[in-house]
Amino acid sequence: KYFREINYHYKNVEVDIFIVMPNHIHGIIIINYGDNNVVSAYMRSLPKNDRTKMLLSKIIHGFKSAATRQINLDNNKPLMIWQKSFYDHIIRNEEELIKIREYIANNPLKWQLDINNSENLFI
C-alpha cells in the first residue's frame, strides 16, 4: 500500500513495477526531472556520502517510516524490520529498463530457491 502511494506524496515521481517479497522489496521509482544535465550536475555536486539531500533517499525514508508506523500499530509493539540502507541503480536506457522490469516480475518464481526462504534451511 505505502509503496504504491509514493507518487501521491512527491512531485514528479512515478511508481513503476514493484514486488513485495517475504524479506525484501524490488521496485522502480521514476523521478522526472526534465533536464537531465541539471540533475547530473546537481548529483555530482553533492558530497559523496550525503545521500540525505537526494530525493530518492527521502522517498525511501518516507516509505519505510509510513510502513513501520502501520506495522507497529498492527502489532501493538515496535518492530525493527528494515536494513539501514537500500540498494539503488540508475536505469540508463530502455533496454535496461525492460530487463529490470522482467527481473522484478519474475522474482517471486525464484523465492522457492532463495537461501533466506525458511523452507530451504534444512535442505
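Nearest heavy-atom pair, Asn72 versus Pro78, reported as atom, atom and distance to 0.1 Å: OD1-CA, 3.4 Å. Minimum interatomic distance between Tyr2 and Ala67 (heavy atoms only, all atoms of both residues): CD1-CA, 3.8 Å. Residues Arg101 and Glu94 approach most closely at NH1-OE2, 4.5 Å, considering heavy atoms. Residue Val15 comes nearest to Arg4 through the heavy atom pair CG2-O, 4.3 Å, listed as atom of the first residue, atom of the second, then distance.
There is a side-chain donor-acceptor pair under 3.5 Å between His89 and Glu96. Checking Gln70 against Asp74 by side-chain atom types alone, a donor-acceptor pair falls below 3.5 Å.
Of the possible polar contacts, one joining the Tyr10 side chain to the Lys58 backbone as a donor-acceptor pair under 3.5 Å is found. Between the Asn75 side chain and the Lys77 main chain, no donor and acceptor come within less than 3.5 Å of each other.
Under the 4.5 Å side-chain criterion, counting only non-hydrogen atoms from C-beta, Ile31 is not in contact with Asn12. Looking at Ile104 and Asn107, their side chains never come closer than 4.5 Å, going by heavy atoms from C-beta outward. In this structure, Arg92 and Ile90 have side chains that are in contact, with non-hydrogen atoms separated by less than 4.5 Å. Contact annotation: the side chain of His26 approaches that of Tyr103 to within less than 4.5 Å [non-hydrogen atoms, C-beta and beyond]. Between Ile29 and Ile6, some side-chain heavy-atom pair lies under the 4.5 Å cut-off.
Aromatic ring centres of Phe3 and Phe18 lie closer together than 6.0 Å.
With rounding to the nearest 0.5 Å, the separation of CG in Asn7 from CG in Asn32 is 10.5 Å. Rounding to the nearest 0.5 Å gives a distance of 11.0 Å between CD1 of Ile17 and CD1 of Ile30. To the nearest 0.5 Å, the span separating CD1 on Ile98 from CD1 on Ile100 amounts to 11.0 Å. For the atom pair Leu97 CG and Glu95 CD, the distance stands at 11.0 Å (nearest 0.5 Å).
Other residues, nucleotides and ligands contribute over 12 non-hydrogen atoms within 6.0 Å of the NE2 atom of His24.
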Would you please test Phe63 and Trp82 for side chain to side chain contact (heavy atoms under 4.5 Å, CB included) and show each step? CA-CA 11 Å; Phe63 159 71; Trp82 301 109; 3.6 Å; yes
